[in-house]
Amino acid sequence: MKRDNSHRMYERARKFIPGGVNSPVRACKSVGTEPLFIDRAEGCKIYDADGNVFIDYVGSWGPMILGHRNPFVMDAVTRVLDRGSSFGAPTDLETRLAELIIDAMASIDMVRMVNSGTEATMSAIRLARAVTGRDTIIKFDGCYHGHADTLLVEAGSGVATLGIPGSPGVPEDVVKHTLSLPYNDGDCFKKVMESKGDRIACVIVEPIAGNMGLVPPVDGFLEALRELTEKTGSILIFDEVMTGFRVAYGGAQSLYGISPDITCLAKIIGGGLPVGAYGGRRDIMAHIAPQGPVYQAGTLSGNPLAMAAGIATLDQLKTPGIYDILENRSLRLEEGLNNVVAQSSVDALIQRVGSMLGMFFTNRQVENFNDAKTCNRGLYSDFYKGMLEEGVYLAPSQFESIFVSLAHDEDDIDQTLSAVEKVLDGMTKKDVF
Ligand SMILES: *Cc1c(COP(=O)(O)O)cnc(C)c1O
């Protein structure tokens, strides 16, 4: 595979941008390669600067559920762009996207648009603290909620990939109010809530963890969070930045039938443009300025181009049966992967919820961050590099999810499975688990 142009661009980028990238995981350090520089993408295919083409399972880390260059999204954005790109004054587009979100999620009466998932979670926590008058927050190990100071404790995704437990520059004073507990451990959570519940402002969770690989909630875990937060008057925040409109139109909360107090969204609701949002019950959202005293603002919040992309994306996702198509394609990939793995000499575990999949090189269960960390990441690196050679673009870290889009057809899935078979054939169990 030719990588000369990518290599040259990377060398140049490193002179002017820290690490050559604007978000750490993109540098591909944990898999020991250099990043590919992208030229363009179309449907489920992504093309790099050397003219190599790949079947893309990163999907810009989640947003591209319709595939790249979806004609309806392109058309909507182009039409809005023609009228101006930003006004710093309200447009009806913001209300239309808000209505689509509120219709999709019964737990949301009102929603505030921001520019990223990080902003959404950061603002949701400020709101929860203001409403409860409490400081302490609970998160779970391996859940990633963006890079706000208070949430950079035992976080997954890029933080896990880099092997740093938080980050320098985050004062202890700031994170002393953050408790990080093991994911999927209802008993541990219960113990903490019994002793400290009346001091807990909020509990924030990825209802399906997608930033330590894909780890579904075990039976009863989300129910325990809902029950105990209600009992202690703490606010339950579902971070559905990744799962919202991904695992179902109504997100993980509709899949599991659990109603959080606040929901954080981003990724899909921006259709590939920068957007975030947080929403919830009317009595909680009423605290946000200018309706209430909790300050939160944004120069580009509710940007018309981003709103148009989000509306066009959700409009298409409303098509009846569309999530069944996505489910069938994803199931085909999951079953195919399981078959190929069973016939290989490598132990691997495939986990899936809807169009999110995780692949772990292990012979054990993966239910939490500790489990995910004990998987053979060296094998993942070999696998990643092999797949790239075979024309399949995966996330350059085991601590990320594989995303199937509506642009992946059965042939794309089958072609992917042939690639997996070939790559696993060339791999042997190098290390003992
Ligand atoms: C991606 C992600 C975020 C952060 O969103 P950004 O737009 O990158 O700031 C937060 N929470 C979850 C669950 C995510 O997957």
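Note that ligands are numbered from 1 as they come in the structure, with each ligand's atoms numbered from 1 the same way. We count residues from 1, following the sequence as given. Worth knowing before you read on, the calculation uses all heavy atoms, side chains too, and leaves out hydrogens, waters and symmetry mates.
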Exercise for the section: Measure from the ring center of Phe238 to the ring center of Tyr256 and say whether it is less than 6.0 Å. Expected result: no

Handout entry: ligand 1 contacted by Thr121 (non-hydrogen, < 4.0 Å)
Key = no

Practice task
Say whether His147 and ligand 1 are in contact under the criterion: heavy-atom distance to a ligand atom below 4.0 Å.
Solution key: no

Practice task
Can you establish whether the number of heavy atoms outside Tyr295 located under 6.0 Å from its atom OH is more than 12?
Solution key: no

Problem - SB check Glu227 Lys231 (cutoff 4.0 Å) - result: no

Exercise for the section: Could you tell me whether Lys176 and Asp173 have a side-chain N and a carboxylate O separated by less than 4.0 Å? Expected result: yes

Fill in the blank from the handout: For atom 11 (N) of ligand 1, the closest protein heavy atom turns out to be Asp239 OD2, 2.7 Å

Fill in the blank from the handout: the protein heavy atom lying closest to atom 2 (C) of ligand 1 turns out to be Lys267 NZ, 2.7 Å

Problem - Verify atom 8 (O) of ligand 1: protein non-hydrogen atom under 4.0 angstrom away - result: no

Under-4.0 Å heavy-atom contact with ligand 1, by part of [X] that carries it:
| X | result |
| --- | --- |
| Glu119 | neither |
| Val241 | side chain |
| Ala266 | neither |
| Asn211 | side chain |

Short N or O distance, [X] and ligand 1, threshold 3.5 Å exclusive:
| X | result |
| --- | --- |
| Glu206 | no |
| His145 | no |
| Gly117 | yes |

Completion exercise
Contacts satisfying side chain to side chain donor-acceptor pair (under 3.5 Å) that involve residues 267-282 (not counting sequence neighbours) are Asp261-Arg281, Tyr278-Gln296, Arg281-Asp283

Practice task
Please identify each residue that fulfils salt bridge (Lys or Arg N to Asp or Glu O under 4.0 Å) with Arg14, with sequence neighbours left out.
Solution key: Glu11

Problem - Aromatic ring pairing Phe54/Tyr393, orientation class (parallel under 30°, perpendicular over 60°, tilted between) - result: tilted

Practice task
Within a distance under 4.0 Å of any heavy atom of Ser116, pick out the atoms of ligand 1 and give their elements.
Solution key: 7 (O), 9 (O)

Problem - Atom indices of ligand 1, in the order listed, that fall short of 4.0 Å to a heavy atom of Met242 - result: 15 (O)

Problem - Side-chain heavy-atom pair Val80, Leu93 within 4.5 angstrom cut-off - result: yes

Problem - Nearest heavy-atom neighbours spanning Ala277 and Ala120 - result: O-CB, 3.4 Å

